[in-house]
Amino acid sequence: MPEKPYDHNQIELKWLARWQNADFFKAEDLTSRPKYYLLEMLPYPSGTLHVGHIRNYTIGDTLARYKWMRGFNVLHPMGWDAFGLPAENAAIANRRHPREWTLANIAYMKQQHRRYGFSYDWHREVSTCEPEYYRWNQWFFLKMLERGLAYRAKALVNWCSKCGTVLANEQVVNGGCWRHEDTPVEQRELEQWFLRITAYADELLNGIDKLEGGWPERVLTMQRNWIGRSEGTDVDFRLAGTGEPIRVFTTRVDTIFGATCMILAPEHPLVARLVREEDRAKVKRMIDDRARRDPGDLVKEGLPTGHYALNPYSGEQIPIWVGNFVLMGYGSGAIMAVPAHDDRDFEFCSRYGIPIRPVIRPVEGELAAEGALESAFVDDGVCERSGEFSGLPSAEARRRMTAKAEKEGFGKGSVTYRIRDWGISRQRYWGTPIPVVHCPGCGVVPVAENELPVLLPLDIQITGTARSPLEHVPEFVHARCPKCGGGARRETDTMDTFIDSSWYFYRYCDAHNDKAPFDSAKIAYWFPIDQYIGGVEHAILHLIYSRFFTRVMRDLGLIANDEPATRLFTQGMVIKDGVKMSKSKNNVVSADEAAERYGSDTARLFVLFAAPPEKDVDWQDAGVEGMIRFLGRVYRFVTRNAAARGGSGAADARILRKLHQTIRKVTEDFDSRWHFNTSLAAVMEFVNHLYAAEAELSSSAMQEVLEKLVLLLGPFAPYVAEEMWEELGRTGPVFKQSWPEFDPELAREELAEVVVQINGKLRGRIHLPFGTPKEELERAALADEKVQPLLAGKQVIRAITVPDRLVNFVVK
RNA sequence: GCCCGGGUGGCGAAAUCGGCAGACGCAAAGGACUUAAAAUCCUUUGGUGGGCAACCACCGUGUGGGUUCGACCCCCACCCCGGGCACCA
């Protein structure tokens, strides 16, 4: 049969049409077949996919197809993270409704997904901006409210006085408003909703140990640091004069005799009272300034209040300052400054001439003289000048000093976390309405469960002014109080979109349930996720929130698993010309362009072949050409040999061995580290061998080789594999065939190649049967014609032999 | 500043357990086919030196040390690149 040219467009469009309405990738709930839940992070529907997205989904799709071929019941869903600020910005810029804009983007991107042959079960598609989805956000919120996991508190927000609106953090550019860069952002205090993630801080931290091995180490490290557990001591100093307590948290209570001042965060509640009238403006400036600046280039500044605090251990009076580097959100918002033993305090106190008093000496060394330190001594050591605690090692002093505080009631041992409660209020339109009303009589009242969803009104003008766009919609704002039936004002804040993505993967298991977020039995079947794939940029927020939601849902009795996913894979980016693809750099390669020019099979192959999936890859057109060349090479070979009469058969054994070695290599890559670049290299190498042996293969060997080759390529290049499968006269989609097994006997080389070294340098190779005993190996190595002359006149001191691999002679 | 990654040909990379450095692909050069070109197929391709040649010798995985019969791989110090965190008391 004559070969056919590889026309990728014709092939891909043919199968695209055939697959359009097929239900190929439907996952079955609750079967006895082994399940495999494979998930890629759902995208924000920004408008169009580029080849960076394609890489992410190709990694997942290739694995999904392999698992199908391995007989798994694969759940491979896709959805849309469809709420969010860009839709609102687009509305302001183009006068297009966020919903309309979002839905159009989704429709377009879905076609792009199909064009690439991604094997999603579209029956389970989830779009987070639909009431069918977000009503369950509201439901979870109510459950958390009932359990005290949702609460209101005052918090600072970014405010632009020109827009008259709240700014999201990403709308703050260099300390100014994104639309009015000359207008500095101010900090305003607003009542906001929070979720009590800190209640789970310890559990989230301890759970990390169990993810070890399944999640990348650096993600786990980032999460540990983010939670930031510190053990220390709360100590109440007393305000001189009134005696009222001022609490500080310290991990180094052993240094407390060296405290030479106390510093309050500018937002600390006492500051308003203690600071002199004429300094109020300075404090306000400190607060705004900190919000605007990179924390890196903030210079430590302070302001004395003129008041004093009493150290409960020494009775000493120390001055109280306000300092811009003290954080209100951590500990109690007040610190004791021990400049001799803390770098930050050292810097601050040096600047303002506050005494620096060493009270810890190195274990082997002298206590530094007062004022003699060049920098803080921050290590543990031995306490000195510390009253009854002098002479104690730091750790012991901490224990005894904490015990004393507890006994005398001025403090206690304490654990503090860096992680804060999750502020979920957004003064935005395009998000999930928070389901509560504000009643003048009853206060904050939750909407009844059977009243959900609180629908986001669609008739709205988005102008970018006012506290929140929803405030302009009277029929939304005017509500009845569920408790007393009187008039009430509906909450106009919407939820952070991280809520949407914190539990969407549960919804995939039961996407159309209108009675509950999902059926728990289905979750029990599918969960936990076997493999989650996404960008490392979500290592902290999305993945911690998801772990938090999972635990809340477990405690609500809805699910049994503690963690959402047993394995996580973070893939690298696709870059172009050495930099990240972005619209502003004008170097974006669109998914459409790649598919039209090269075909989606080729694009898929390139992103897998260019580097292992965890590394960044540079999109290079020349490299892509190489992949289309390879597919053409395979395609022509298969088509011209599909019905060939067959040759001598002289190469049969050799090629079949190579075939089984190739199957082994590809299978091992799938089952271990997903280095598809080496899998594909092995297949290419095999094809190179086929070209060399084409005339020497018997017809039966050829048939077997062609069939297995097509199956091997199936997960990587689904279109051309399907076409070739048909050319071979076979029916049924490739991904429903069994993955080829390799036979270790057939894959084995006849003879082992044993390397001969002299003093570690390669000098020759000998070929011997596998399992040749050591002595014989050495005898053969000595007899080798290349080795022999080099050993003449030398004395062999030792021979190191690795069976079937190597002999190394150590000579003098 | 701290914590992770990483540094291998002209380029992307491979070497999975301390045992043949550079598989596979790109680019480049040469050849075959063609009126010609494209496409395709074949060959060569880490560096230096030598040989008409098959080939031979030496050097070579960021730098400098170390461990080892043997190091891209392990240890110590340093340089460079990328990422994350960054006043968390």
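Numbered from 1 within each chain, the chains take letters A, B, ... in sequence-line order.
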Write down the distance between CD1 (A/I628) and C1' (B/G25), rounded to a whole number of angstrom.
15 Å
What's the CG-C1' distance between A/L541 and B/C85, to the nearest Å?
13 Å
In RNA chain B, stems of three or more consecutive pairs, Watson-Crick or G-U, each with both distances under 3.5 Å, turn out to be B:1-7 with B:79-85, B:10-12 with B:24-26, B:28-32 with B:40-44, B:46-50 with B:55-59, B:62-66 with B:74-78
On the nucleotide B/C41, are OP1 or OP2 found under 4.0 Å from the side-chain N or O atoms that A/R636 carries?
yes
Would you call A/R229 and A/D202 a salt bridge, using N to O less than 4.0 angstrom?
yes
Please tell me which of A/E685 and A/A622 maps to the more 5' nucleotide of RNA chain B, matching each residue to the nucleotide holding its nearest heavy atom.
A/E685
Rounding to an integer number of angstrom, what distance separates B/U68 and B/G82 when you compare their C1' atoms?
33 Å
Please tell me which of the listed nucleotides, B/G25, B/A89, B/A15, lies nearest to the side chain of A/M684?
B/G25
Which residues share a ring pair (Phe, Tyr, Trp, His ring centres under 6.0 Å) with A/F410, sequence neighbours left out
A/Y313
Between A/G760 and A/M336, which residue's closest nucleotide on RNA chain B lies nearer the 5′ terminus?
A/G760
In terms of base orientation, is B/C69 syn or anti, with the syn window spanning 90° either side of 0?
anti
Over how many whole Å does the gap from A/D342 atom CG to B/G1 atom C1' extend?
14 Å
Could you point out which residue of A/I766, A/T772, A/T801 forms a side-chain contact (heavy atoms from CB on, under 4.5 Å) with A/V754?
A/I766
Span that lies between the C1' atom of B/C24 and that of B/C79, in whole angstrom
32 Å
Expressed as a whole number of Å, how far does the C1' atom of B/U63 sit from that of B/C69?
26 Å
Between B/C3, B/C85, B/C41, which nucleotide has the shortest distance from any of its atoms to the side chain of A/Y691?
B/C41
Less than 6.0 angstrom from the centroid, inside 45 degrees of the normal: does A/R418 satisfy that with respect to the ring of A/W226?
yes
Can you find a side chain N or O atom of A/T416 that sits less than 4.0 Å from OP1 or OP2 on B/A89?
no
Nucleotide nearest A/R673 when distance is taken to its side chain, options B/C87, B/G70, B/A15:
B/A15
Base, sugar-phosphate, or nothing for A/E347, non-hydrogen atoms under 4.0 angstrom?
nothing
In whole Å, I'd like the distance from the CG atom of A/L680 to the P atom of B/G25.
11 Å
Between A/R224 and B/C85, is there a side-chain N or O to OP1/OP2 distance below 4.0 Å?
no
Looking at A/F770, I'd like to know if the NZ or CZ of A/R748 sits under 6.0 Å from its six-membered ring centre while staying within 45 degrees of the ring's axis.
yes
Rounded interatomic separation in angstrom, taking CD from A/Q757 and P from B/C69:
14 Å
Separation of A/L768 atom CG from B/C20 atom C1', in whole Å?
16 Å
Testing B/C69, B/A14, B/A89 for proximity to the side chain of A/Y330, the answer is B/A89
Within the side chain of A/S386, is there an N or O that forms a donor-acceptor pair under 3.5 Å with the backbone of A/C383?
no
Indicate the ring-plane relationship of A/W674 and A/F569, choosing parallel, tilted or perpendicular according to the 30° and 60° boundaries.
tilted
Tell me if B/G9 is syn or anti. Syn = glycosidic torsion within 90° of 0, anti otherwise.
syn
Quick one: is B/G6 close enough that its OP1 or OP2 comes under 4.0 Å of any side-chain N or O from A/K615?
no
Rounded distance in Å between the C1' positions of B/C20 and B/C72:
14 Å
Any carboxylate oxygen within less than 4.0 angstrom of a Lys/Arg side-chain nitrogen, looking at A/E614 and A/R673?
no
Does A/D618 reach a base, just sugar-phosphate, or nothing at all? Heavy atoms under 4.0 Å.
nothing
Picking from B/G12, B/C87, B/C58, the nucleotide nearest the side-chain atoms of A/R763 would be B/C58
When you measure from the side chain of A/L762, which nucleotide among B/C20, B/A14, B/C87 comes out closest?
B/C20
Closest approach to the side chain of A/I800, judged atom by atom: which nucleotide of B/C69, B/A15, B/A89 is it?
B/C69
Considering residues at least two apart in sequence or located in another chain, which fulfil the side chain to side chain donor-acceptor pair (under 3.5 Å) criterion with A/E668?
none
Identify which nucleotide among B/C20, B/C3, B/C87 has an atom closest to any side-chain atom of A/T221, counting heavy atoms from C-beta outward.
B/C3
When the P atoms of B/A36 and B/G25 are compared, how many Å lie between them, rounded to an integer?
29 Å
Under-4.0 Å side-chain N/O to phosphate OP1/OP2 contact, A/K761 with B/G19
no
What's A/G626 touching, base or sugar-phosphate or nothing? Going by heavy atoms closer than 4.0 Å.
sugar-phosphate
What does A/V683 touch in the nucleic acid at a heavy-atom separation under 4.0 angstrom: a base, only the sugar-phosphate, or nothing?
nothing
A/R218 near the nucleic acid: base, sugar-phosphate alone, or nothing, with a heavy-atom cut-off under 4.0 Å?
sugar-phosphate
Nearest-angstrom distance, P atom, B/C74 to B/G6:
10 Å
Using a 4.0 Å heavy-atom cut-off, does A/P612 contact any base of the nucleic acid, only the sugar-phosphate backbone, or nothing at all?
sugar-phosphate
Where the side chain of A/F609 is defined as all heavy atoms beyond and including C-beta, which of B/A57, B/A89, B/G25 is the nearest nucleotide?
B/G25
Using modelled atom types and a 3.5 Å cut-off, is there a donor and acceptor pairing between side-chain atoms of A/H767 and backbone atoms of A/L751?
no
Can you tell me how far P of B/A21 sits from CZ of A/R765, to the nearest Å?
8 Å
Is any side-chain nitrogen or oxygen of A/N677 closer than 4.0 Å to OP1 or OP2 of B/A14?
yes
In whole Å, measure the gap between the P atoms of B/A13 and B/C3 for me.
27 Å
Hey, do the aromatic rings of A/F670 and A/F716 have their centres closer than 6.0 Å?
yes
So does A/R633 get a side-chain nitrogen or oxygen closer than 4.0 Å to the phosphate oxygens (OP1/OP2) of B/G25?
no
Is the side chain of A/R798 donor-acceptor paired with the backbone N or O of A/F809 at a distance under 3.5 Å, no angle test?
no
Base, sugar-phosphate, or nothing for A/M627, non-hydrogen atoms under 4.0 angstrom?
sugar-phosphate
Using a 4.0 Å heavy-atom cut-off across all strands, classify A/E753 as base, sugar-phosphate, or nothing.
base
If you measure from the C1' atom in B/C33 to the same atom in B/A39, how many Å do you get, rounded?
11 Å
Using a 4.0 Å heavy-atom cut-off across all strands, classify A/N688 as base, sugar-phosphate, or nothing.
sugar-phosphate
For the pair made of CG in A/L220 and P in B/G84, what is the distance, rounded to whole Å?
18 Å
